[in-house]
Amino acid sequence: MNNQSPAAETLPYLSSTVLDRLAISTPDVVDEIERQIIGQRRGEVWCAPKAAVWPGDDRYFMATLGVASVPSVLATKSLVVNPRNAARGLATINSLISLLDAETGLPLALVDGNWVTAKRTAGLSAVAARRMARHDASSVAFIGCGVQARGHLEAFADLFPLREIRAFGRGKSNRDALCEMARSRGLEAIPCDTAREAVEGADMVVTTVTLVPEPEPFLDANWLKPGSFTAITDLALPWLPATMPRFDRIVVDDLEQEKKMPKPMVDAALVAGDLTGLVCGDFAGRQSPGEATAFVFRGMAVGDLAVAALAYVRAQAAGVVN
């Protein structure tokens, strides 16, 4: 790593435009997240539980902190969710990641946090899906059609033999954009008028419902087909709690992090383990073709760390940063 402290005015900023040009693939992201998760188990990667603040005015603040040995990087992410941004013509979620040399503490770069968040969220889902979804899954239902849905569509289309998507969301423009993205990849895209229409019969389901304001539960796990896999990125808040026992196997992202949260995402009695245990082979992600499985997650610092560090290393290799 570069041990020279760059002047503040020359500290590199890796924008989404720059990051897109690095052509980091879904397998690249998934492999790196898995590598750093295994490193965490081995004591070579260290992450703090996610920190969050809710001031009570519809804003939401969150931060993550992670340190890797290879590459020697410390990554911190600061994120703000504010639904009032829509009236300003701004994205509802905005974030920034700072990278420091983990040995010296000298600054390395700033990274577009929105790009990293989209890649790491879909990447975490894909890590779980590799082990929990059926390998022949060919259809996916999206409940919520924004940035996170588009990231998941890209990731799942790269990893599974998809033929069809169904899309349900509150915003018609986002739904139509997601369908157009799917069609551009040669997939059939079905806009749906109800969540149930989208979910029933789908091999995989992805829920990315906006958390601010907090949604009323409306998704029924009994709609799911046997053998399905569901990626739940929204703390399971849109799901009817009484129906969650329909899942044969639920994995969360981080059991230790979950213990520190004021409210669990799902009943702990329903949880088979966490993503680290899944990746490290402590238990099976799927035991039979007919199991309905789910990955429910808040987001892990190791995901932000892995993707941001990978982007920095690729930017170095491309000569974008020193």
Side-chain angles (χ1 to χ4, degrees), residues 1 14 29-30 32-55 59-81 93-125 127-128 148 211-212 232-236 251-266 268 271 273-280 282 295-313:
M1 307 299 295
L14 302 182
V29 169
V30 174
E32 185 63 11
I33 291 175
E34 290 183 357
R35 189 178 73 83
Q36 298 292 12
I37 286 174
I38 293 169
Q40 198 170 9
R41 170 66 66 89
R42 292 174 175 170
E44 299 165 353
V45 175
W46 307 269
C47 295
K50 179 178 177 179
V53 175
W54 304 75
R59 288 178 299 163
Y60 167 59
F61 304 96
M62 186 274 289
T64 65
L65 168 66
V67 184
S69 295
V70 181
S72 181
V73 166
L74 181 152
T76 59
K77 181 173 81 171
S78 302
L79 178 147
V80 178
V81 179
I93 300 174
N94 287 296
S95 61
L96 180 70
I97 292 176
S98 63
L99 297 180
L100 306 183
D101 186 300
E103 177 67 23
T104 66
L106 297 177
L108 298 172
L110 300 174
V111 186
D112 184 326
N114 289 12
W115 187 93
V116 170
T117 298
K119 293 292 184 181
R120 76 90 159 114
T121 304
L124 289 169
S125 289
V127 169
Q148 292 295 350
L211 300 182
V212 181
I232 300 174
T233 76
D234 41 34
L235 312 185
V251 172
V252 298
D253 46 356
D254 188 331
L255 287 172
E256 289 304 313
Q257 175 174 265
E258 199 61 11
K259 290 176 183 176
K260 295 176 172 64
M261 295 298 152
K263 179 184 176 183
M265 295 181 290
V266 295
V271 176
D274 65 13
L275 192 61
T276 298
L278 182 66
V279 169
C280 293
D282 295 350
F295 177 50
V296 185
F297 63 115
R298 298 178 184 274
M300 302 168 66
V302 70
D304 293 316
L305 169 66
V307 175
L310 173 63
Y312 180 74
V313 170

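Computed over heavy atoms, backbone and side chain alike; hydrogens, waters and symmetry mates excluded.
Annotation: side-chain contact (heavy atoms from CB on, under 4.5 Å) contacts of S98 (sequence neighbours excluded): T76, L110. Taking V67 as the reference, W46, L74, A102 meet the side-chain contact (heavy atoms from CB on, under 4.5 Å) condition, with sequence neighbours excluded.
A pairwise comparison of heavy atoms in T233 and S125 identifies CG2-OG, 4.3 Å as the closest pair. For the residue pair A128 and L278, the shortest heavy atom distance occurs at CA-CD2, 4.0 Å. Closest non-hydrogen pair, V296 versus A236, comes out as CG1-CB, 4.0 Å. For the pair R35 and P71, the tightest heavy-atom approach, listed with the atom from each and the gap, is NH2-CD, 4.0 Å. The shortest heavy-atom contact between Q36 and V70 is NE2-O, 3.2 Å. Nearest heavy-atom pair across V30 and G123 is CG2-O, 4.1 Å.
Between T104 and the choices D101, L100, L108, the side-chain contact (heavy atoms from CB on, under 4.5 Å) rule is met once, by D101.
In this structure, W115 CH2 and R120 CZ are separated by 13.0 Å, a value rounded to the nearest 0.5 Å. Taking CG of D234 as the start and CZ of F297 as the end, the distance is 9.0 Å to the nearest 0.5 Å. Atom CZ of residue R42 and atom OG of residue S69 lie 11.5 Å apart, to the nearest 0.5 angstrom. Atom-to-atom distance recorded for S95:OG and K77:NZ is 5.0 Å, nearest 0.5 angstrom. A distance of 9.0 Å separates CG of D304 from SG of C47, quoted to the nearest 0.5 Å. Distance check, rounded to the nearest 0.5 Å: CG of L79 to CZ of F61 gives 10.0 Å.
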Exercise. With side-chain contact (heavy atoms from CB on, under 4.5 Å) as the test, would you mind laying out the steps for L96 and D112 before giving the verdict?
Key: CA-CA 5 Å; L96 180 70; D112 184 326; over 6 Å; no
Quiz item: Going through the checks in order, is the side-chain contact (heavy atoms from CB on, under 4.5 Å) test met by I93 and V80?
Solution: CA-CA 6 Å; I93 300 174; V80 178; over 6 Å; no
Quiz item: Yes or no on side-chain contact (heavy atoms from CB on, under 4.5 Å) for V81 and L211, after CA distance, side-chain angles and deciding distance?
Solution: CA-CA 9 Å; V81 179; L211 300 182; over 6 Å; no
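For the residue pair E44 / Q40, no side-chain donor-acceptor distance below 3.5 Å is found, with atom types taken as modelled.
Using a 4.5 Å heavy-atom threshold, the side chains of M300 and L275 count as touching. Contact annotation: the side chain of L255 approaches that of V271 to within less than 4.5 Å [non-hydrogen atoms, C-beta and beyond]. With contacts defined as side-chain heavy-atom distances shorter than 4.5 Å, the pair V116/V111 qualifies. In this structure the side chain of I37 reaches within 4.5 angstrom of the side chain of I33, judged on heavy atoms. Side-chain atoms of T117 and Q148, non-hydrogen and from C-beta on, do get closer than 4.5 Å to each other. The shortest distance between side-chain heavy atoms of D253 and L124 does not fall below 4.5 Å. In this structure, the side chains of N114 and N94 come closer than 4.5 Å at one or more pairs of heavy atoms.
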Could you go through residues 256-266 and list every donor-acceptor pair under 3.5 Å that involves a side-chain atom there, pairing it with any protein atom two or more places apart or in another chain?
unit_1, atom_1, unit_2, atom_2, d
E256, OE2, K259, NZ, 3.1
Q257, OE1, K50, N, 2.8
Q257, NE2, G299, O, 3.3
E258, OE1, R298, NE, 2.7
E258, OE2, M265, N, 2.8
E258, OE2, R298, NH2, 3.1

